[in-house]
2 protein chains.
Amino acid sequence: MENIELFHKFLAEKKMKWTPERKAILEEVFASHDHFEADDLLFRLKKKDIRVSRATIYRTLELLVNSQLVRKISFGEEHTHYEHTYGHKHHDHLVCLKCGSVLEFSNPTIEEIQERVCTDYDFTPDSHCLQIFGYCTKCR
Amino acid sequence: MENIELFHKFLAEKKMKWTPERKAILEEVFASHDHFEADDLLFRLKKKDIRVSRATIYRTLELLVNSQLVRKISFGEEHTHYEHTYGHKHHDHLVCLKCGSVLEFSNPTIEEIQERVCTDYDFTPDSHCLQIFGYCTKCR
DNA sequence: AAACCATTGACAAGCAGTTTCAAGTCGGTA
DNA sequence: TACCGACTTGAAACTGCTTGTCAATGGTTT
């Protein structure tokens, strides 16, 4: 599991500790490929009888975001969602306004145009997020 | 002021009332072309000695969003921002991670590709939002 | 002008997320 | 292996935004 090593290294560099809680959270985050929110994680861990406080979940998620293993995404007005990025190529989302399902897509041309827009505006891009809201096949 | 009439009509259709508070909020929203958040509005109104409660601000903003005169946008992790849409063509945003400044841009090709992506995924688009985070000329 | 019912403001409540701090744990060192 | 200091943790309090409650107010219709 390379992501464990990456996180371990990230922590070591910052003189932070490798604790059972951090390990459990990391493993749970990478156990599924879905988008999740902080409370989902808490719930999934609780189901496995792993007790980690809400505060620690948030603290660790922040570390994971800083270490680039996870990124935040926001779907509409709701609270923060996360997805892991390691071994996952960049993509954007189609979000169904009715059932809430999320489709992923990636399109190199859009990325290219974004680069061009940034050049035009003398802007140095760091990241971006594109969500298209609408209705999926079932909900139309 | 056509937006006043539009809102008036929207309210009439829903058998809602045209009140001084709603009028004041509408006017203030359209008085500037910047993005704003609920508290900005409250502050701007207070400066003009127009007293409207926070609750009414939120309630009225929701109405404005429903009437399509205003839309919500989210810049990164912060709280909800709004911008008015009437007489404003669709655009996306370049958000500076350091100074928080926001540049607007619009690009027809990106819109086109989005349409195509939606067709490919059998998805009916309703709206979308694209934010590019990075650093502006000054902050680079 | 009366009556009806939407709207308002003040305040309480809800909610995601953060901070505080005492108690506990990790990990380098002797 | 035991020690010790620094880092972490959990619980609970707290924050800041947003929404709900409810009595009082005020449009609108007749």
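Below, chain A is the first sequence line, B the second, and so on; all start at residue 1.
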Mind listing the N/O atom pairs, protein and nucleotides 26-30 of chain D, below 3.5 Å?
from    : atom 1 : to       : atom 2 : distance (Å)
dG26(D) : N2     : Lys17(B) : NZ     : 2.9
dG27(D) : N3     : Lys17(B) : NZ     : 3.4

Give each protein N/O atom lying under 3.5 Å from an N/O atom of nucleotides 21-23 of chain D, with the pair distance.
from    : atom 1 : to       : atom 2 : distance (Å)
dT21(D) : O4     : Arg59(B) : NH1    : 3.4

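A pairwise comparison of heavy atoms in Ala24(A) and Leu45(A) identifies O-CD2, 3.9 Å as the closest pair. When all heavy atoms are compared, the tightest approach of Leu26(B) to Asn3(B) is CD2-O, 4.1 Å.
Dashed line: the shortest gap from a side-chain N or O of Arg54(B) to OP1 or OP2 of dT8(C) is not under 4.0 Å. Between Thr80(A) and the phosphate of dG17(C), there is a side-chain N or O to OP1/OP2 separation shorter than 4.0 Å. In terms of phosphate contacts, Tyr58(A) brings a side-chain nitrogen or oxygen within less than 4.0 Å of OP1 or OP2 of dG17(C).
More than 12 non-hydrogen atoms from other residues, nucleotides or ligands lie less than 6.0 angstrom from CD of Glu111(A). Within a 6.0 Å sphere centred on CZ of Arg44(A), other residues, nucleotides and ligands contribute more than 12 heavy atoms. Shown here is Arg140(B), whose CZ atom has more than 12 heavy atoms of other residues, nucleotides or ligands within 6.0 Å.
Computed from coordinates, the Leu61(A) CG to dT18(C) C1' distance equals 13 Å when rounded to whole Å. Remark: P of dG16(D) and NE2 of His81(B) are 16 Å apart, rounded to the nearest angstrom. Atom-to-atom, CZ of Arg22(B) to P of dG9(C) comes out at 11 Å; the value is rounded to the nearest Å. As a whole-Å value, the separation of Ile57(B) CD1 from dT19(D) C1' is 15 Å. If you take CD of Glu21(B) and C1' of dA10(C), they are 14 Å apart, rounded to a whole angstrom. Following rounding to the nearest Å, Lys15(A) (NZ) and dT8(D) (C1') show an atom-to-atom distance of 17 Å. One can place NZ of Lys23(B) at 20 Å from C1' of dA6(C), the figure rounded to the nearest angstrom.
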Would Leu6(B) and Gln68(B) satisfy side-chain contact (heavy atoms from CB on, under 4.5 Å), going step by step from the backbone distance to the final call? CA-CA 10 Å; Leu6(B) 283 167; Gln68(B) 314 255 30; over 6 Å; no
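Cluster membership for Leu103(B) and Phe133(B), using ILVMFWY side-chain heavy atoms within less than 4.5 angstrom, is not shared. Taking hydrophobic clusters as Ile, Leu, Val, Met, Phe, Trp and Tyr residues chained together by side-chain heavy-atom distances below 4.5 Å, Ile4(A) shares a cluster with Phe30(A). Linking ILVMFWY residues whenever their side-chain heavy atoms come closer than 4.5 Å, directly or via other members, leaves Phe105(B) and Val95(B) in distinct clusters. Tyr135(A) and Val117(B) fall into different hydrophobic clusters, defined by Ile, Leu, Val, Met, Phe, Trp and Tyr side-chain heavy atoms under 4.5 Å apart, directly or through other members.
Between the CD atom of Glu83(A) and the CD1 atom of Ile73(A) there is a distance of 4.0 Å, given to the nearest 0.5 Å.
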What side-chain donor-acceptor pairs closer than 3.5 Å can you find for residues 12-23 of chain B, not counting sequence neighbours?
from     : atom 1 : to       : atom 2 : distance (Å)
Thr19(B) : OG1    : Arg22(B) : N      : 3.2
Arg22(B) : NH1    : Lys17(B) : O      : 2.8
Lys23(B) : NZ     : Glu27(B) : OE2    : 3.1

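Under the 3.5 Å distance criterion, the side-chain polar atoms of His93(B) are left unmatched by any main-chain donor or acceptor of His91(B). Ser32(B) places no side-chain N or O within 3.5 Å of a backbone atom of Glu28(B) that could act as its donor or acceptor partner. Using a distance-only test at 3.5 Å, with no hydrogens or angles considered, a donor-acceptor pair links the side chain of Ser67(A) to the main chain of Leu64(A).
Listed by residue number, there are no residues of residues 31-41 of chain A with a heavy-atom contact under 4.0 Å to DNA chain C. Listed by residue number, the members of residues 42-49 of chain B with any heavy atom below 4.0 angstrom from DNA chain C form an empty set.
A heavy-atom distance below 4.5 Å is not found between the side chains of Val102(A) and Gln131(A).
Rounded to 10°, the helix from dA1(C)-dT30(D) to dA30(C)-dT1(D) has 30° between the axis fitted to its first five pairs and the one fitted to its last five.
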